[in-house]
Amino acid sequence: LNEQGVSEGSIGILQDITSRKLVEANLRQREAILEAVTFAAEQFLKASDWPTNIDNVLERLGRTIDATHAYLFEHHPGEDGNELSTLTHEWVATGFPNDLENPMYQRIHLVRYDVDSSDDGLRRGEVFAGNSSNYPEIEKARFDAMGIKALVEVPLFVDGVWWGTIGFDDMVIEREWSSVE
């Protein structure tokens with residue numbers, strides 16, 4: 001302060017807390033996801049018929065990870081012995097189209113056996129996660145045509161057999177899926 005008591009300068013210390021805030025946000029996201037998974041387990045345990053609660057579970061998981069779609073594809077053998085996949089359940093964020101009403105998803109899909117396809121890794125029990133910048137070449141045109149900017153899919157196995165896939169996509173932003181998600 002000068003003789004009149006007016007400030008003429010200041011000394012300050014700045015500290016970048018960006019990384020700390022990111023860690024805190026990731027911890028909050030992880031906690032929210034664990035709560036959603038706990039909710040899912042509770043829903044499945046209290047109903048003898050899992051389809052009764054799958055829509056609530058998909059909504060809770062989809063909202064928690066800020067997805068635009070959360071869905072379930074079930075697998076079953078076709079008459080010719082080929083493995084088929086059918087979209088059976090879906091939650092959709094407000095303002096986005098419901099794929100259950102999309103003619104493309106109303107038909108049964110052949111599970112892909114192409115090397116490097118998303119189905120190839122899912123069949124081996126691997127999570128498929130990507131975005132429009134790093135989709136496998138064999139999948140890029142299909143995902144881009146559907147408007148999917150980011151996608152994560154997890155295979156579901158029952159008695160060692162690939163029973164189906166639960167997935168989440170984002171049609172708004174091309175994002176990197178965190179390990180927590």
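For this chain, numbers begin at 1 and follow the sequence in order.
Using a cut-off of 4.0 Å between Lys/Arg side-chain N and Asp/Glu carboxylate O, R28 and E31 are scored as not salt-bridged. We find that E137 and K140 are not joined by a salt bridge, their nearest charged nitrogen and carboxylate oxygen being 4.0 Å or further apart. Ion pairing between R175 and D170 holds under the 4.0 Å rule for side-chain N and carboxylate O. Salt bridge R63/E59: present, at least one basic N to carboxylate O contact under 4.0 Å.
Judged by distance alone, with hydrogens and angles left aside, the side-chain atoms of T68 form a donor-acceptor pair with the main-chain N or O of M171 at under 3.5 Å. Between the side chain of N53 and the main chain of F44, no donor-acceptor pair closer than 3.5 Å is present. Formation of a donor-acceptor pair under 3.5 Å by the E83 side chain with backbone atoms of P77 is not found in this model. Between the E90 side chain and the D99 main chain, a donor and an acceptor come within less than 3.5 Å of each other.
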Go through S118 and F143 one step at a time and tell me if the side chain to side chain contact (heavy atoms under 4.5 Å, CB included) criterion holds.
-> CA-CA 11 Å; S118 58; F143 292 151; 4.3 Å; yes

Going through the checks in order, is the salt bridge (charged side-chain N to carboxylate O under 4.0 Å, His left out) test met by R123 and D119?
-> CA-CA 6 Å; R123 181 178 291 102; D119 288 345; 5.5 Å; no

Side chain to side chain contact (heavy atoms under 4.5 Å, CB included) evaluation trace for R30 with S179 = CA-CA 9 Å; R30 178 184 170 129; S179 61; over 6 Å; no

Between W91 and H69, does a side chain to side chain contact (heavy atoms under 4.5 Å, CB included) hold up when you go through it step by step?
-> CA-CA 6 Å; W91 167 82; H69 292 85; 6.0 Å; no

What do the steps show when you test E176 against N131 for side chain to side chain contact (heavy atoms under 4.5 Å, CB included), and what is the final call?
-> CA-CA 7 Å; E176 293 292 327; N131 61 47; 2.8 Å; yes

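One finds the CD1 atom of I138 at 9.0 Å from the CG atom of D120 (value rounded to the nearest 0.5 Å). Put simply, CG on L61 and CD1 on I33 are 8.5 Å apart, with the number rounded to the nearest 0.5 Å. In this structure, CZ on R60 lies 6.5 Å from CD on E35, to the nearest 0.5 angstrom.
Residues A150 and I173 come closest through the heavy atom pair CB-O, 3.9 Å. Nearest heavy atom pair, residue Y71 against residue V152, reads OH-O, 4.3 Å. Residues A47 and T52 come closest through the heavy atom pair CB-CB, 4.4 Å.
L34 and L45 are members of different hydrophobic clusters when ILVMFWY side chains are connected at heavy-atom separations under 4.5 Å. In the hydrophobic cluster analysis, where Ile, Leu, Val, Met, Phe, Trp and Tyr join through side-chain heavy atoms closer than 4.5 angstrom, L156 is grouped together with V37.
For an aromatic pair to be called close, the ring centres must be under 6.0 Å apart, and H75 with W162 satisfies this.
Between the side chains of E153 and T165, no donor-acceptor pair is found at a separation under 3.5 Å. Counted by atom type alone, S178 and N26 present zero donor-acceptor pairs between their side chains at under 3.5 Å. E174 and S132 share a side-chain donor-acceptor pair at under 3.5 Å.
The aromatic rings of H89 and W50 lie perpendicular to each other, with more than 60° between the two planes, well past the 30° mark.
Applying the ring pair (Phe, Tyr, Trp, His ring centres under 6.0 Å) criterion to F168, with sequence neighbours excluded, gives no partner residue.
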